[in-house]
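Accompanying notes for the structure given below.
Note: hydrogens, waters and symmetry copies are ignored here, and every other heavy atom, side chains too, is used. On a predicted model such as this, the values are computed, not experimentally measured, just so you know. Numbered from 1 within each chain, the chains take letters A, B, ... in sequence-line order.
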Amino acid sequence: MVITRFAPSPTGFLHIGGLRTALFSYLWAKHNGGKFILRIEDTDQSRNNEDAAKAIIEAFRWLGLSHDGEIEYQSKRTDIYKRYIQKLLNEGKAYYCYMSKDELVSLKDEQISRKERPRYDGRYRDFNGMPPPGVEPVVRIKAPTNGTITVHDGIKGDVVFNVDDILDDFIIARSDGTPTYNFVVAIDDALMGINEVIRGDDHLSNTPKQIIIYDALGLKIPNFYHVPMIHNQNGKKLSKRDGATDVMEYKKEGYLPQALLNFLVRLGWSHGDQEIFTIQEMIEMFNPKDINKSASIYNTEKLDWLNAHYIKNMPNEHLKHLLEDYGIILTSNDKTEILLDTLKERAKTLQELAWQIKDILTQPTYENEKAFKKAFKGDAVDILTAFSNTLKSAPKPHLPVDFHIVMQSIVDEQGIGFGKLGQPLRMALLGKLSGPGLDSVMAVIGVDETINRISSAVSYAAQNDYA
RNA sequence: GGCUCCAUCAUCUAAUGGUUAGGAUUCAAGGUUUUCAUCCUUGCCAUAGGGGUUCAAAUCCCCUUGGAGUCACCA
């Protein structure tokens, strides 16, 4: 069984880069009928933050990504780590190091001044004398001192590290007894049966250390897939400082989970020329071997396009429900259909859609003088008045076509172009010169409100002598 | 600086060693629309540079250049 995981450290919100690796891991697990585990890496109490874990879970819920089993918290597994540290100690594969932090610092300074790579010199590796008093020791692992370590990576291929270039006897337990990152990651991945590790390639250089842990404990090394970073516009690793990287920010702005997921799955991964994927298709088609090797730049132009696409194709009933979060409560069913049918073609986000709905549903102000004058030049008032009178006398129009017929009759009667009526009417109804189809607008607000808005506009024109 | 990774349009990407280097987004133009948007059509735009290997290189090899990641008692 394939078991993957997403293992964030809870230092803040879930960001775009994390979400993408989570998505890849999720898809690969589901593709194989396996499990996707969520593990919170909170070993460092000083940076721990419960709210952050909640934020991640909330984001997952919004996106419909579900993890299997209970959420694992590393902070609750300290006994396990202690046991494995003790095991390594007992077997002579790890040892206490009594070097103080000051000593370590001065050693590093010396090495740097000699232009050597800073590294621990192994002075306590075979120590069995009296420990110096007053020093709480750290635990270091006996790492190999020569040879190479090869990471077999499903994306990058075999990556060979020369031990002498990168390693020393690194710390696996701090002087307060708490284990360090590379140690717990290896332990947890192994104990949780995770056999496919998909993570950012900023972890590639950690991997040899983790392999040493696996080897020391005789644990099975998983398959690794190191996914290239997502870069910001400056070409640097996307970080929380970059703005617009909080996943939940996209919810607020009115992006759909489907659109965000579709956008992210195509960042670094592709399946031929296909751009639009349902979740099912993603699960069917995703394979980490198709992840490309180079970093991509985060650019949301395509996200807007995808979001508009999904809004356009969303059933009105569903849209109506989602709009409630933006303060739009729609009651009348037939009018909701007309309203959403016409507006969902023109919105990039739910938020925009909500604004556009408000624009239609509220009486406009005519504060854009320039536009108003433009719309009302010539005999606009007469035309509007004629239109208004016809509306009053005609059998009550309901549907957009009914209103269209009335508009057509005025245009024919007066021998004018559609624009002669349309421009001032649009200004009267919406207070601007662009916007959705007028027949739909009138069908939504109804005959009475249409007549009201026309008369407001006409009297406004008279007051200001625009006519 | 050491180590490691990466390099196709502005952006996301496709291309068993053989394609006029394809698609998508953006942008531009035209059509549709009373307007704007949608939609449709068309267009612009790329194999970082230099050497090899080969009948043939975006693709394989080397060098250069450029970019990124990482080097903690952080994760």
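- Closest-nucleotide positions on RNA chain B for A:L438 and A:R140 were compared, and the one nearer the 5' end corresponds to A:L438.
- Base pairing of B:U38: no nucleotide in any strand meets the Watson-Crick or G-U wobble criterion (both distances under 3.5 Å).
- With A:H152 as the partner, the side chain to side chain donor-acceptor pair (under 3.5 Å) test is satisfied by one option alone out of A:T207, A:N223, A:D158: A:D158.
- Residue A:G435 is in base contact, counting any heavy-atom pair closer than 4.0 Å across all strands shown.
- In this structure, the ring of A:F183 has its center no less than 6.0 angstrom from the ring center of A:Y81.
- Separating the P atom of B:A14 from that of B:A7 is a span of 11 Å, rounded to the nearest Å.
- Atom NZ of A:K302 is separated from atom P of B:C12 by 9 Å (rounded to the nearest Å).
- A salt bridge between A:R39 and A:D189 is present, with a side-chain N of the basic residue lying under 4.0 Å from a carboxylate O of the acidic one.
- Residues A:W305 and A:Y310 keep their aromatic ring centres 6.0 Å or farther apart.
- Side-chain contact check for A:N307 and A:Y250: no donor-acceptor pair (N or O, by modelled atom type) lies under 3.5 Å.
- Base contact: A:S434 has a heavy atom under 4.0 Å from a base atom.
- When the P atom is compared between B:G18 and B:A56, the two are found 14 Å apart, to the nearest whole Å.
- Residue A:N162 has no polar side-chain atom (N or O) positioned under 4.0 Å from OP1 or OP2 of B:C3.
- When the C1' atom of B:A68 is taken as reference, atom CG of A:D201 falls 8 Å away, rounded to whole Å.
- Within 3.5 Å, no donor on the side chain of A:E116 pairs with an acceptor on the base of B:G2, nor the reverse.
- Between A:H15 and A:Y298, the ring centre distance reaches or exceeds 6.0 Å.
- A centroid separation of less than 6.0 Å is found between the aromatic rings of A:W269 and A:F286.
- Heavy atoms of A:Y298 sit nowhere under 4.0 angstrom from any nucleic acid atom.
- Comparing B:G66 with B:U26, their P atoms sit 34 Å apart, to the nearest whole Å.
- Here, B:A68 and B:U59 have their P atoms 24 Å apart, quoted to the whole Å.
- Remark: B:U47 base-pairs with no nucleotide in the shown strands. Criterion, Watson-Crick or G-U wobble with two distances under 3.5 Å.
- In the interface, the side chain of A:N206 is paired with the base of B:A75 through a donor and an acceptor atom under 3.5 Å apart.
- Contact annotation: A:K293 reaches the phosphate of B:C6 (side-chain N/O to OP1 or OP2, under 4.0 Å).
- Dashed line: the shortest gap from a side-chain N or O of A:K312 to OP1 or OP2 of B:C39 is under 4.0 Å.
- Looking only at atom types and distance, the side chain of A:S25 has no donor-acceptor partner in the side chain of A:R20 under 3.5 Å away.
- Residue A:L306 contributes atom CG, which lies 13 Å from atom C1' of B:U11 at whole-angstrom precision.
- Spacing of C1' atoms, B:U54 relative to B:U8, comes out at 22 Å, to the nearest Å.
- Side-chain nitrogen and oxygen atoms of A:S296 include at least one within less than 4.0 Å of the OP1 or OP2 phosphate oxygen of B:U13.
- Using a 4.0 Å heavy-atom cutoff across all strands shown, A:I166 reaches sugar-phosphate atoms only and no base atom.
- Counting any heavy atom pair closer than 4.0 Å across all strands shown, A:K156 reaches sugar-phosphate atoms only and no base atom.
- No hydrogens or angles were tested; on distance alone, a donor-acceptor pair under 3.5 Å links the side chain of A:D273 to the base of B:G22.
- B:U35 and B:G67 have their P atoms separated by 50 Å, with the value rounded to a whole Å.
- Remark: the separation of the P atoms in B:U38 and B:A28 is 12 Å, to the nearest Å.
- Residue contacts shown for A:V160 are limited to sugar-phosphate atoms, with no base heavy atom under 4.0 Å away.
- Under 3.5 Å, the side chain of A:S175 and the base of B:C73 form at least one donor-acceptor pair of N or O atoms.
- A:M99 comes within 4.0 angstrom of a base, heavy atoms only.
- Heavy atoms of A:H231 sit under 4.0 angstrom from primed sugar atoms or phosphate atoms, though from no base atom.
- Taking the P atom of each, B:C5 and B:C61 are spaced 13 Å apart, rounded to whole Å.
- For A:K237 against B:A68, a side-chain-to-base donor-acceptor contact under 3.5 Å is absent.
- In this structure, A:V138 reaches the bases: a heavy-atom distance under 4.0 Å links it to at least one base atom across the strands shown.
- In this structure, A:S270 reaches the B:A14 phosphate: one of its side-chain N or O atoms is under 4.0 Å from OP1 or OP2.
- A:R266 comes within contact range of at least one nucleobase, with a heavy-atom separation under 4.0 Å.
- A:G200 comes within 4.0 angstrom of no nucleic acid atom, judged by non-hydrogen atoms across all strands.
- For A:L430 and B:A37, the CG to C1' distance is 13 Å, given to the nearest whole Å.
- Of the two residues contacting RNA chain B, namely A:F263 and A:H203, the nearest-nucleotide position lying further toward the 5' end is that of A:F263.
- Of the nucleotides present, none pairs with B:A21 by Watson-Crick or G-U wobble criteria with both distances under 3.5 Å.
- Nucleotide B:G69 holds its P atom 12 Å from the CD1 atom of A:I297, rounded to whole Å.
- Look at B:C73: it lacks any Watson-Crick or wobble partner with both distances under 3.5 angstrom.
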